[in-house]
Amino acid sequence: MAEICYFGGLVHYKAPSPFSLHSLFRSKPHYYYNSTSLMAECRSSSTVEPPSLLVFSGGTGFNGVVEELKKLTTRVAHVLPVSDDGGSTAEIVRVLGGPAVGDIRSRCLRLSDESTSEALAVRRLLGHRLPIDAHQAKKDWYDIVEGNHSLWDGVSRPYSETIRAFLIYFQNEILRRPNERFCFSNGSIGNFFFAGARIFFQSLDAAIFLFSRVSEIPCDSLVLPVISTNDRLTLGCELQDGTIIRGQNEISHPTNGTMQTVDKRHCSNSALPSKIKRVFYMSSEGNNLLHEVFPPVNPTVLEQLRSVDCIVYAMGSLFTSICPSLVLLGVGEIISSRSCFKVLLLNGSQDRETSGFTASCFVTAIADALNRTHGDPNIRLKNPPGYYINTLLVPKDGEIAVDLKQLSEQGIKDVRVVESVGNPKHGILFNPSSLINMLAGLVE
């Protein structure tokens, strides 16, 4: 059986063939994740640097344009929350603890290489979801762990041994907790691989680095958890009427414990009793404002914010995908000090979180999050919205009213309409090529 050993910062992989993780990481003999050195390494081979972007997003909304964005630049820092508590992520967190990795896994897969048949096979494997039926899901999982599933077809021995080793490690961690029955229904193989790597290395950053190398993500593309932690994170929200809701899933799209994929736009959940006032982090057992906590932002996020050519707030769930990355200390301070383009991509459709919102309401919510307007007055900023957003891109024929007068009063006078496409499941979306062409016109 394959075996992984960890000695003093070096990773060794014992397999039947003379293969080690060193060959996977090529020029990185020591296992570490350092964004500055990785990006410098990439740029050294190119004389003309493409523009650099930092994108605040969740795991779904921006995914549809990632492929098109690669044509403009791969120098992109994707900043994602780690507070998702729905679907198979919830089951991993329930049994094994730790941060949610679903959004990170989703973005890594979108960025992964597709240029060879093996790259496609690896992407297919790590993107696979097990059946909904619990019995069939467990059977398929054992076939995958044992290396007998057809998903391994096309994956070479070095890659299959590396991936299997961390899936086996994940399985062993589950078996070590006999009092917690793990449900594999609708489980994501990529999530299981991520969780196994994170627990083994005791580092979310190291797990991302491993996943990035296995799936051959461009080395100057960064997937950054906004909070780098091995602990569970719980998102809370305070409504205008004082109600406190605990958990990202409960805020955005309650599923009553089911693990099926949810279409946030068309889900049948009742409206929130009041508009959302703010989101914040709370202790894992907390249920009110007395349990608010203030985790530190990932330093690499701040490092990237100081240097990129353009900051983008992507479309997606405003309060549960975008704002959790904005409320952390240091983020608003740096963004407000930058003179670069700061672009908001307006959603094309309303959802449970933003029912009745106009474009200026989105701007207000983002500015309030960055200013920490409704939190502790001792850490509050008072910057006007124009310090955080100076350009608004709007999908043509979108559902959200664009109130130009109010936007102008907020300091946002650069409003541009982008061609859109209609999607029967998700409503009005940006046309990916038109959106990237518009961004290119801003930053090139």
Side-chain angles (χ1 to χ4, degrees), residues 53-58 61-62 64-65 69 240 264-265 271-272 274-279 309-319 321-323 325-326 332 335-371 373-374 381-423 426-444:
L53 282 70
L54 182 143
V55 180
F56 291 108
S57 70
F62 194 69
V65 301
L69 179 58
Q240 296 285 358
K264 297 180 184 181
R265 179 176 178 268
L272 289 165
S274 177
K275 291 186 182 299
I276 295 175
K277 182 178 181 180
R278 68 171 180 131
V279 293
D309 300 320
C310 179
I311 298 168
V312 178
Y313 310 94
M315 54 284 192
S317 299
L318 176 62
F319 287 102
S321 292
I322 311 302
C323 288
S325 296
L326 308 182
I335 294 177
S336 62
S337 71
R338 294 296 313 280
S339 58
C340 63
F341 279 101
K342 306 167 192 179
V343 183
L344 170 60
L345 309 182
L346 190 66
N347 287 351
S349 307
Q350 303 281 12
D351 60 22
R352 170 178 158 97
E353 299 177 17
T354 58
S355 178
F357 271 34
T358 63
S360 67
C361 296
F362 277 76
V363 172
T364 297
I366 288 173
D368 283 349
L370 290 163
N371 280 330
T373 300
H374 302 295
L381 303 177
K382 297 181 180 180
N383 295 316
Y387 277 47
Y388 299 120
I389 300 169
N390 52 34
T391 303
L392 176 66
L393 301 187
V394 180
K396 185 179 179 180
D397 300 323
E399 293 180 2
I400 296 167
V402 180
D403 42 351
L404 292 173
K405 180 180 178 182
Q406 287 79 4
L407 289 168
S408 179
E409 291 171 353
Q410 292 175 321
I412 300 163
K413 299 182 168 103
D414 187 2
V415 179
R416 309 186 188 196
V417 177
V418 179
E419 289 298 320
S420 63
V421 293
N423 183 293
H426 301 295
I428 299 297
L429 304 174
F430 284 103
N431 176 289
S433 60
S434 298
L435 175 60
I436 300 308
N437 286 338
M438 185 69 76
L439 284 174
L442 294 176
V443 299
E444 287 188 324

Novice: Listed by chain and number, what are the side-chain contact (heavy atoms from CB on, under 4.5 Å) partners of Ala401, not counting sequence neighbours?
Specialist: Thr358

Novice: Report the residues that fulfil side-chain contact (heavy atoms from CB on, under 4.5 Å) with Tyr387, sequence neighbours left out, ordered by chain and then residue number.
Specialist: Ser336, Asn383, Pro384

Novice: Calculate, to the nearest 0.5 Å, the distance between atoms CD1 and OG belonging to Ile322 and Ser317 respectively.
Specialist: 8.0 Å

Novice: For the residue pair Leu381 and Leu370, establish whether any side-chain heavy-atom pair is separated by less than 4.5 Å.
Specialist: no

Novice: Residues two or more places apart in sequence or in another chain: which of them pass side-chain contact (heavy atoms from CB on, under 4.5 Å) with Lys413?
Specialist: Ser408

Novice: By side-chain hydrogen bond (donor to acceptor under 3.5 Å, both in side chains), which residues pair with Ser325, not counting sequence neighbours?
Specialist: none

Novice: Can you name the side-chain hydrogen bond (donor to acceptor under 3.5 Å, both in side chains) partners of Asp414, sequence neighbours left out?
Specialist: Thr391, Arg416

Novice: With a 4.5 Å limit on heavy-atom distance, are the side chains of Asp351 and Leu318 in contact?
Specialist: no

Novice: Would you list the atom pairs, donor with acceptor, under 3.5 Å between side chains in residues 430-444 and any protein atom, with sequence neighbours excluded?
Specialist:
| unit_1 | atom_1 | unit_2 | atom_2 | d |
| --- | --- | --- | --- | --- |
| Asn431 | OD1 | Ser433 | N | 3.1 |
| Asn431 | OD1 | Ser433 | OG | 2.8 |
| Asn431 | OD1 | Ser434 | N | 3.0 |
| Asn431 | OD1 | Ser434 | OG | 3.3 |
| Asn437 | ND2 | Ser433 | O | 3.1 |

Novice: Taking side-chain contact (heavy atoms from CB on, under 4.5 Å) as the definition, give me every residue that meets it alongside Leu346, ordered by chain and number, with sequence neighbours left out.
Specialist: Ala359, Phe362, Leu392, Val394, Pro395, Ile400, Val402

Novice: Using the test salt bridge (Lys or Arg N to Asp or Glu O under 4.0 Å), find all partners of Lys342 that sit at least two apart in sequence or belong to another chain.
Specialist: none

Novice: I'd like to know if the side chain of Asp403 and the backbone of Ser360 have a donor-acceptor N/O pair within less than 3.5 Å.
Specialist: yes

Novice: Is the closest side-chain heavy-atom distance between Ile311 and Cys340 below 4.5 Å?
Specialist: yes

Novice: Which distance, rounded to the nearest 0.5 Å, do you find between the CG of Leu429 and the CG of Asn423?
Specialist: 5.0 Å

Novice: Who passes side-chain hydrogen bond (donor to acceptor under 3.5 Å, both in side chains) against Arg338, sequence neighbours left out?
Specialist: none

Novice: For Phe56, check ring-ring contact (aromatic ring centres under 6.0 Å, His included) against everything at least two apart and list the hits.
Specialist: Tyr313

Novice: For Ser274 and Gln240, work out which heavy atoms get closest and say how close.
Specialist: OG-CB, 3.2 Å

Novice: Scan residues 388-407 for pairs that pass ring pair (Phe, Tyr, Trp, His ring centres under 6.0 Å), counting only residues two or more places apart or in two chains.
Specialist: none

Novice: Grab the two heavy atoms, one from Ala314 and one from Val55, that are nearest each other, plus how far apart they are.
Specialist: CB-CG1, 3.9 Å

Novice: I need the Glu399 CD to Ile428 CD1 distance, nearest 0.5 Å.
Specialist: 7.5 Å

Novice: Within the 4.5 Å heavy-atom criterion, are Arg278 and Asp368 side-chain neighbours or not?
Specialist: no

Novice: With rounding to the nearest 0.5 angstrom, report the CD1 to CZ distance, Ile276 to Arg352.
Specialist: 8.0 Å

Novice: Where the side chain of Glu353 meets the backbone of Phe319, is there a donor-acceptor pair that is under 3.5 Å apart?
Specialist: yes

Novice: Which residues pass the side-chain hydrogen bond (donor to acceptor under 3.5 Å, both in side chains) test with Asp309, sequence neighbours left out?
Specialist: Ser52

Novice: Can you tell me how far the CD atom of Gln410 sits from the OG1 atom of Thr364, to the nearest 0.5 Å?
Specialist: 4.5 Å

